[in-house]
Amino acid sequence: VYVTNILIDMYCKCGSLEDAHSVFDGSQERTVVTWSALLAGHAQLGQPSKALKIFEKMHSKGLNMDNAVFLSTLQACARLKDIDYGKMVHSYIIEISCETDLYTVSTLVDMYAKCGHLESAQSMFDKLCKRDIVLWNALVGGYVEQDDYQGVFALFLRMQEEGVEPDEVTYACLLKGQFTPASLDRGKLIHTVISFKGSENTSAVGSSLIDMYIKCGAVDDAYGVFEKLSCRDSVLWSTMIAGFSSGGHAQDAVKLSQKMRSEGLQMSPATFSCLLKACSSIAAFKEGKLVHADVMRSGCDSDVHIASALIDMFAKCGSLEDARRLFERLSCRDVVVWNAIIAGHAEHGDFVSAMEYYTHMRREGAMPD
RNA sequence: UUUCGAGUAGAUGUCACUC
């Protein structure tokens, strides 16, 4: 059973729910953990409704639920913003009496906050006598997501008063809010606090800051943050590249990727994706072909995300042959890939081919959206 | 203290929408 459980968990963590399911279906013996692993996979991989279905099945089978099961179920409720379901799980937790577990309470607070019930989240929070940083962060994030900046401010002050040190997650939470050029002052204020606390130099905070400045239209400030960072992970590079191209500086995005190459850094699939978008936005054909070569070398050319970005890039550069050649070689085509090839041909006035691709798509049984 | 599973936070594909 252990092996089965580990396998299911592994497949879920690799993002393949299908494989996880087939292991699950083929298993002779199942424990709560077997179910729990499958449930967690669905809750975390964007299949919250299916996660709740699994929870219901577990319930009807009369399995003994434990904390792990509740946490994943509550995550699913939070994603769906299904407060009624969340409350139901909550009362179930009270019945089983494991409401004292800090992990469980944090997840409950997070669930209430994400569903917009900040008062419930706050009162649960207040009733506790022991709080860890995750719990604080969950509530901070909740206020931020509801755009309740007074609440954010009050809570942050209370953290200081109680001597709780914010960590990088706290700052990332503060920065995940809505930002527009009108909110640059708020962004800068948060940045000042972070610098004052000396927490500027971590990648999660750095990329959140960059993203914030880009959303505020302050490309130079964003790049300033990037330059100051001594340790850059791939998310940081992607953030900056994406930031340049969305801020109308696609040329700089390309330049940055050259710097990345010259430093001998491996590009991740996400980096490729950002970079290809930059290339297509300015129809940078030569650079696009270079990226294509990099993609081939890294072996992630079968990734549908990358493939569709490549097809789109070639199409936007006006090289439909290259787009077609890539398309033909793909073994797995999702809607986005089909859309990209169809739109590419339509964009260039080749409506006949566009229609042909459309009928081709229907023949293969893919659903248009 | 979660080594069979479980809590908060960062970037990423096509098209359409407001202007």
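Remember, predicted model here, so these are calculated numbers, not experimental data.
In this structure, CG of A:N339 is placed 9 Å from P of B:C15, rounded to the nearest angstrom. Here B:A9 presents its C1' atom at 14 Å from CG of A:L236, a figure rounded to the nearest Å. Remark: P of B:G5 and OH of A:Y2 are 10 Å apart, rounded to the nearest angstrom. In this entry the distance linking CD1 of A:I190 with P of B:A9 reads 16 Å, nearest Å. Regarding A:D132, its CG atom lies at a distance of 14 Å from the P atom of B:U2, rounded to whole Å. Taking atom CG of residue A:L275 and atom P of nucleotide B:G13, one finds them 13 Å apart after rounding to whole Å.
Considering only side-chain N and O atoms, A:K316 lies under 4.0 angstrom from the phosphate OP1 or OP2 of B:C15. Contact annotation: A:K13 reaches the phosphate of B:A6 (side-chain N/O to OP1 or OP2, under 4.0 Å). The shortest distance between the side-chain N/O atoms of A:Q44 and the OP1/OP2 oxygens of B:G7 is below 4.0 Å. Taking only side-chain nitrogens and oxygens, A:K277 comes nearer than 4.0 Å to OP1 or OP2 of B:G13.
Residue contacts shown for A:A309 are limited to sugar-phosphate atoms, with no base heavy atom under 4.0 Å away. A:S208 comes within 4.0 angstrom of sugar-phosphate atoms only, judged by non-hydrogen atoms across all strands, and of no base. Among the protein residues, A:A204 comes within range of the nucleic acid bases, having at least one heavy atom under 4.0 Å from a base atom. Residue-level contact check: A:A270 touches the bases, meaning some heavy atom is under 4.0 Å from a base atom. Contacts of A:V1 with the nucleic acid, taken as non-hydrogen atoms under 4.0 Å apart, are absent. Within the nucleic acid shown, A:V3 has no heavy atom closer than 4.0 Å to any nucleic acid atom. Within the 4.0 angstrom heavy-atom criterion, base atoms lie near A:L102.
By the 30° and 60° cut-offs, the orientation of the rings of A:F55 relative to A:H59 is parallel.
Judged purely by distance below 3.5 Å, without hydrogens or angles, the side chains of A:D211 and A:S208 never pair a donor atom with an acceptor atom. In this model, no donor atom of one side chain and acceptor atom of the other lie less than 3.5 Å apart for A:E356 and A:H360. Side-chain contact check for A:T104 and A:T107: no donor-acceptor pair (N or O, by modelled atom type) lies under 3.5 Å.
For A:S36 and B:G5, a side-chain-to-base donor-acceptor distance below 3.5 Å is present, hydrogens and geometry of angles not being considered. A donor N or O paired with an acceptor N or O is not found under 3.5 Å between the base of B:G7 and the side-chain atoms of A:N67. Side-chain atoms of A:S203 come within donor-acceptor range of the base of B:G10, with a qualifying N/O pair under 3.5 Å. A donor and an acceptor atom never sit less than 3.5 Å apart when one is taken from the side chain of A:N137 and the other from the base of B:G7. Between the base of B:G13 and the side chain of A:S308 there is a donor-acceptor pair shorter than 3.5 Å. Between the base of B:G7 and the side chain of A:D101 there is no donor-acceptor pair shorter than 3.5 Å. Between the base of B:G13 and the side chain of A:D334 there is a donor-acceptor pair shorter than 3.5 Å. If you check distances only, the side chain of A:S207 does reach the base of B:G10 with a donor-acceptor pair under 3.5 Å.
A donor-acceptor distance shorter than 3.5 angstrom exists from the side chain of A:S262 to the backbone of A:K259, with no hydrogens or angles considered. The main-chain N or O of A:E227 is found under 3.5 Å from a side-chain atom of A:R232 such that the two form a donor-acceptor pair. Under the 3.5 Å distance criterion, the side-chain polar atoms of A:K176 are left unmatched by any main-chain donor or acceptor of A:V144. Formation of a donor-acceptor pair under 3.5 Å by the A:R333 side chain with backbone atoms of A:F327 is found in this model. A donor-acceptor pair under 3.5 Å is absent between the side-chain atoms of A:S72 and the main chain of A:V69, judged by distance alone.
When the nucleotides B:G10, B:C4, B:G7 are ranked by their closest atom to the side chain of A:I6, B:C4 comes out on top. The side chain of A:D66 lies closest to B:G5 when the candidates are B:G10, B:A9, B:G5. Nearest nucleotide to the side chain of A:D233, out of B:G10, B:G5, B:A11: B:G10. Here B:G5 is the nucleotide among B:G5, B:G13, B:G7 with the atom lying nearest to any side-chain atom of A:A40. Counting only heavy atoms from C-beta on, A:A340 has its side chain closest to B:U14 among B:U8, B:A11, B:U14. For A:V134, counting side-chain heavy atoms from C-beta on, the closest listed nucleotide (B:A9, B:U8, B:G13) is B:U8. Side-chain proximity of A:L71 to B:C4, B:A11, B:U2: nearest is B:U2. Ranking B:A11, B:G7, B:C15 by closeness to the A:A242 side chain, first place goes to B:A11.
Taking the side chain as every heavy atom from C-beta outward, A:R324 and A:H345 approach each other to under 4.5 Å.
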Note, RNA chain B 5' to 3' with Watson-Crick or G-U pairs under 3.5 Å encoded as ( ), [ ], | and . gives ...................

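Distance check on atom C1': B:A6 versus B:U2 gives 7 Å, rounded to whole Å. If you take atom P in B:G7 and the same atom in B:U3, they sit 11 Å apart, rounded to whole Å.
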